[in-house]
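What follows is a single structure, and I will ask about it in a moment.
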2 protein chains.
Amino acid sequence: MDINVKDVKEILKEEGYKLTTQRKAILDAILENHEKHLNPEEIYNIVKLKCPDIGIATVYRTLQLFEKLNIVCRVNFDDGYNRYELIYDTEQHQHHHLICLNCGKVIEVKMDLLETLENEIEREYGFSIVDHNVKFFGYCSDCEK
Amino acid sequence: MDINVKDVKEILKEEGYKLTTQRKAILDAILENHEKHLNPEEIYNIVKLKCPDIGIATVYRTLQLFEKLNIVCRVNFDDGYNRYELIYDTEQHQHHHLICLNCGKVIEVKMDLLETLENEIEREYGFSIVDHNVKFFGYCSDCEK
DNA sequence: TTTCACCTGCTTATAGTTCTCAATACTAGC
DNA sequence: GCTAGTATTGAGAACTATAAGCAGGTGAAA
Ligand SMILES: [Mn+2]
Ligand SMILES: [Mn+2]
Ligand SMILES: [Zn+2]
Ligand SMILES: [Zn+2]
């Protein structure tokens with residue numbers, strides 16, 4: 001289910017890119033924090049521990065590359081950063097996110113349950129849907145009390 | 001149904017703000033382009049026609065104020081701009097957007113159809129939903145051909 | 001080992017947005 | 001209407017996330 005380093009090496013190679021030390025370190029940082037939706041700066045700080053000479057430009061460049069190759073995808077929580085997460089083979093659409101308005105926690109929702117709505121949209125608007133982006137704002141169970 | 005200048009004047013007054021010439025001009029620009037999801041620069045250019053001395057800082061400040069007072073809301077189409085649209089009294093949740101990956105057109109969807117999903121989420125995660133943000137990416141009827 | 005395209009870190013540039021501040025415009029109380 | 005006090009403004013500088021330019025480094029293929 002999870003994408004791993006070997007898979008990424010394959011994907012890069014196929015497109016003529018190399019899995020350099022820096023790229024592997026960035027990938028590791030994302031793999032080891034797969035639920036955290038890191039931004040470039042957070043990734044930079046994690047990677048610097050093992051790879052102290054890395055420049056932040058490399059982090060940005062690598063994330064763009066990974067995004068182009070569908071290894072990661074960008075998510076936007078409207079906090080002024082681009083954030084990134086792995087794309088899993090098992091999901092054909094991006095999963096949904098619940099964002100707590102009180103504590104800022106982000107919860108992932110694997111249920112899709114959009115078929116009815118998507119069918120309605122395709123029928124009503126003649127719009128053929130490729131992907132979606134769904135966020136719910138509210139209060140998590142901890143903050144609701 | 002539509003919010004109007006008088007309503008806004010009321011809302012501002014209640015909170016101790018004034019409906020200045022500049023604020024009215026910005027509101028007008030948004031009202032007259034209610035389907036367009038303008039960004040601050042576009043608003044600035046429209047407003048400058050009737051209000052040539054306005055500074056762009058005033059546009060940014062006013063949009064922030066309108067957002068705080070729930071007169072407009074910010075929408076993000078991942079094109080590097082904040083965009084703004086009026087909030088209508090009739091909708092309790094933000095409407096959905098269809099974004100064409102080919103021509104960039106943005107279509108509004110007034111059907112909500114998220115009750116099943118939202119109920120599932122409230123039940124399964126104990127997360128109490130206040131609002132949502134739903135975007136569909138794909139190809140519009142013109143581009144599909 | 002030589003070649004050559006890829007890749008890197010450093011630095012500078014870009015662009016959307018916010019901040020600072022002095023000047024101006026309103027408003028309420030006289 | 002005048003005055004005092006507050007809200008608002010425009011201009012420009014500052015900020016911040018990200019991208020671009022460049023010269024040197026790296027590593028696989030010949
Ligand atoms: Mn996620
Ligand atoms: Mn809209
Ligand atoms: Zn919470
Ligand atoms: Zn289209």
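Naming: A, B, ... by sequence-line order, numbering from 1 per chain.
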Separation of D/dA17 atom P from A/Tyr84 atom OH, nearest Å, is 13 Å
From the list D/dT9, D/dA7, D/dA20, which nucleotide is the closest neighbour of the side chain of B/Lys18? D/dA7
Does B/Thr20 place a side-chain N or O at less than 4.0 Å from the phosphate oxygens OP1/OP2 of D/dA7? no
When you check the side-chain N and O atoms of B/Lys68 and B/Tyr17, is any donor under 3.5 Å from an acceptor? yes
Separation of D/dT26 atom C1' from A/Lys24 atom NZ, nearest Å, is 18 Å
Length of the CG-P vector between A/Asp78 and D/dT16, whole Å: 19 Å
What nucleic acid atoms does A/Arg61 come within less than 4.0 Å of, heavy atoms only: base, sugar-phosphate, or nothing? base
Quick one: on DNA chain D, does A/Pro40 or A/Thr21 contact a more 5' nucleotide (nearest heavy atom)? A/Pro40
Do side-chain atoms of B/His93 reach the backbone of B/Val130 as a donor and acceptor pair under 3.5 angstrom? yes
What is the distance from CG of B/Leu19 to C1' of D/dA7, rounded to the nearest Å? 14 Å
Touch class at under 4.0 angstrom, heavy-atom based, for B/Ile54 against every strand present: sugar-phosphate
To the nearest angstrom, how far is A/Asp79 atom CG from D/dT16 atom P? 15 Å
Spacing between A/Arg23 atom CZ and D/dG27 atom P, to the nearest angstrom: 13 Å
Looking only at non-hydrogen atoms, find the nearest pair between B/Phe127 and A/Phe137 and report the distance. CE2-C, 3.9 Å
Give a yes or no on whether the backbone of B/Gln94 and the side-chain of B/His132 come within a donor-acceptor separation of less than 3.5 Å. yes
Taking any atom under 4.0 angstrom from a heavy atom of chain B, which nucleotides of DNA chain C are the first and last to qualify, 5' to 3'? C/dG16 to C/dT27
What is the nucleic acid contact for B/Asn82, judged by heavy atoms within less than 4.0 Å: base, sugar-phosphate only, or nothing? sugar-phosphate
Please report the distance, rounded to the nearest Å, between CG in A/Asn76 and P in D/dA17. 14 Å
Taking side-chain hydrogen bond (donor to acceptor under 3.5 Å, both in side chains) as the criterion, tell me which of B/His34, B/Lys36, B/His37, B/Arg74 meets it with B/Glu85. B/His37
Taking the basic N atoms (NZ, or NE/NH1/NH2) and the acidic carboxylate oxygens, is any pair closer than 4.0 Å for B/Glu10 and B/Lys13? no
With heavy atoms under 4.0 Å as the rule, sort B/Asn39 into base, sugar-phosphate or nothing. nothing
Closer than 4.0 angstrom, basic N to acidic O: yes or no for B/Asp53 and B/Lys48? no
Rounded to the nearest angstrom, tell me the gap between atom OH in A/Tyr17 and atom C1' in D/dT26. 18 Å
